[in-house]
There are 2 protein chains.
Amino acid sequence: MQEEVLSPDDRDFVTALGTGLEVILAFDAEHPRMTLSEVATRTGMNRARARRFLLTLHALGYVRKDQRHFELAPRVLQLGYAFLSANGYQSVIQQILEDITRESSESSSLAVLDGDEVTYVARSAAKHRLMAISLAVGTRLPAAHTSMGRVLLAQLPDDELAAFLARVELTPYTDKTLTDRDALREAILTVRRQGYAIADQELDSGLRSLAVPAFDAHGKLLGAINISTNAARIPVETLTDTFLPLLQAKARLIRTHVG
Amino acid sequence: MQEEVLSPDDRDFVTALGTGLEVILAFDAEHPRMTLSEVATRTGMNRARARRFLLTLHALGYVRKDQRHFELAPRVLQLGYAFLSANGYQSVIQQILEDITRESSESSSLAVLDGDEVTYVARSAAKHRLMAISLAVGTRLPAAHTSMGRVLLAQLPDDELAAFLARVELTPYTDKTLTDRDALREAILTVRRQGYAIADQELDSGLRSLAVPAFDAHGKLLGAINISTNAARIPVETLTDTFLPLLQAKARLIRTHVG
DNA sequence: AACTATGTTTTGCTATACGAACAAAATATC
DNA sequence: GATATTTTGTTCGTATAGCAAAACATAGTT
């Protein structure tokens, strides 16, 4: 999968579509409501252009307009919904993630690889939500430094993994972040052998997580499921001794119930 | 909110954006993977056009390509995520919905009004999932015939409600569906007085649900929360006697914890 | 080998992008 | 509180990027 990609100035590249999607993405928690000019500056377009796209999105029902302010309409959820329903996530999987949360009292998620990032596809948050708000379906995190990312990278064929390792930029998020390519390769190869990954405060100090791959009945990789914990409360031993068997049992459950 | 809407042939309507979004929506559970030609026929475009849009979406990373087959990439989730995070859903609300499910053993959801339909924004499914698969975040249902829809319609100012009643088409989904405009108006006005709505198998026989409005601390309407049940198992009395107090208590909880 | 369905390229025509000029608010200054 | 100033929103003209349709090419089928 993924072959020759169109360069964004090819003869059959539709600029307008890319621009429109950019306008949608310009809205976030910090900018839920914006005027035309704000959208223009945030997206780097001139006001005339931003206006055309906002009016178009408004006409299509993806954006609401209140005098001078624009905001996203619920209709945009349909776009993501198209993906989720097309891929049959949110079926049994959501249920199983909630079971994991109930049995472990920790947050649990399913993520898939998209480029060099993992994308959260389903999630069940634990009660004591520390960074829970910022993690939700649709969130993207660098694959290299997350437990789910490493599990998914470990599933790649050798050549794709090598290509990834060659191109990836290793940002030191914490003092525990692996920033050495060889060390990262070793870590991923270890994940391949062991069948699970632990990321211990590599992305954020205080965040410790465990992940295993999830396959369907046909052996097709659905994604990675994880349990993420507060490092101050849960030692690494609990991850390997208690949570790993739990996660592996749930992965088997998925295998027998999906597909 | 919502004023003069652009007609789809105005000088500043961007056709290409609408077309691109249509292509995304062409994918669903029945058509998760399609060839160029399939997309063309499903969207009613010629192949050349469908091709340019698919290639564009591919270049932007919203679509994956495997030889002749295209499928949506996880990146499309970002679009819906922009909406959810911009509006601060999925914060405390998801948690509360799960509490409702735990305490009632029934599915619970939050939905908002979008045009004449309700859109599911957050959801917690019960174990015994009968029609659970088809209901998920992003799902749209006709406002007139759902409990959440009626709760939300009841919150509209009189003129907007009148306009809705004048234009809405009342499809008889079941033999219990209200298809008379005056009866529907009465039902909605009753919801206004009572503060809750019950839809008893109006959309699907076997589906009985109860909804109340949810406000944040500033009194702003967040949406409607509901409990939906299997009519064969749960009588209407249980809805009013047991589930209504529960739902109202949770609505108060939202009011004190959000905003 | 003929046929059909699918994917790709070409071409004349149309929609789109940009800058600039204008209009209307909002804000600052006196 | 009126007037200047700045910011924001809208309209217009024009070069060009992108479109639709048809012609062409290729891969599958019978």
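Convention: sequence-line order gives letters A, B, ...; per-chain numbering from 1. Computation of the quantities below employed the complete heavy-atom set of this structure, encompassing side-chain atoms and omitting hydrogens, waters and symmetry-equivalent molecules. Here the structure is a predicted model, which is why all the values come from computation and not from measurement.
Of the side-chain N and O atoms in B:T15, none sit less than 4.0 angstrom from OP1 or OP2 of D:dC19.
In this structure, the side chains of A:V151 and A:V212 stay at 4.5 Å or more apart for every pair of heavy atoms. Two residues are said to be in side-chain contact when any heavy atoms from C-beta on lie closer than 4.5 Å; A:V23 and A:M45 meet this criterion. Counting heavy atoms from C-beta on, the side chains of B:I254 and B:I225 come closer than 4.5 Å. At least one side-chain heavy atom of B:Y62 sits under 4.5 Å from a side-chain heavy atom of B:R75.
More than 12 non-hydrogen atoms from other residues, nucleotides or ligands lie less than 6.0 angstrom from NE2 of A:H69.
Rounded to a whole Å, the CE atom of B:M45 is 12 Å from the P atom of D:dA21. As rounded to whole Å, 15 Å separates atom C1' of C:dT6 from atom CE of B:M34. In this structure, the CZ atom of B:R52 is 16 Å from the P atom of C:dT11, given to the nearest Å. Rounded to whole Å, atom P of D:dA17 lies 18 Å from atom CG of A:L17. Look at CG on B:L54: it is 15 Å from P on C:dT6, rounded to the nearest Å.
Across all non-hydrogen atoms, the minimal contact from B:L113 to B:L152 is N-CD1, 3.5 Å.
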Task: Contact letters for nucleotides 6-11 of chain D, in which S counts primed atoms plus P, OP1 and OP2 and B counts the base, heavy atoms under 4.0 Å - done: --BBSB

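Counting any heavy atom pair closer than 4.0 Å across all strands shown, B:A40 reaches no nucleic acid atom.
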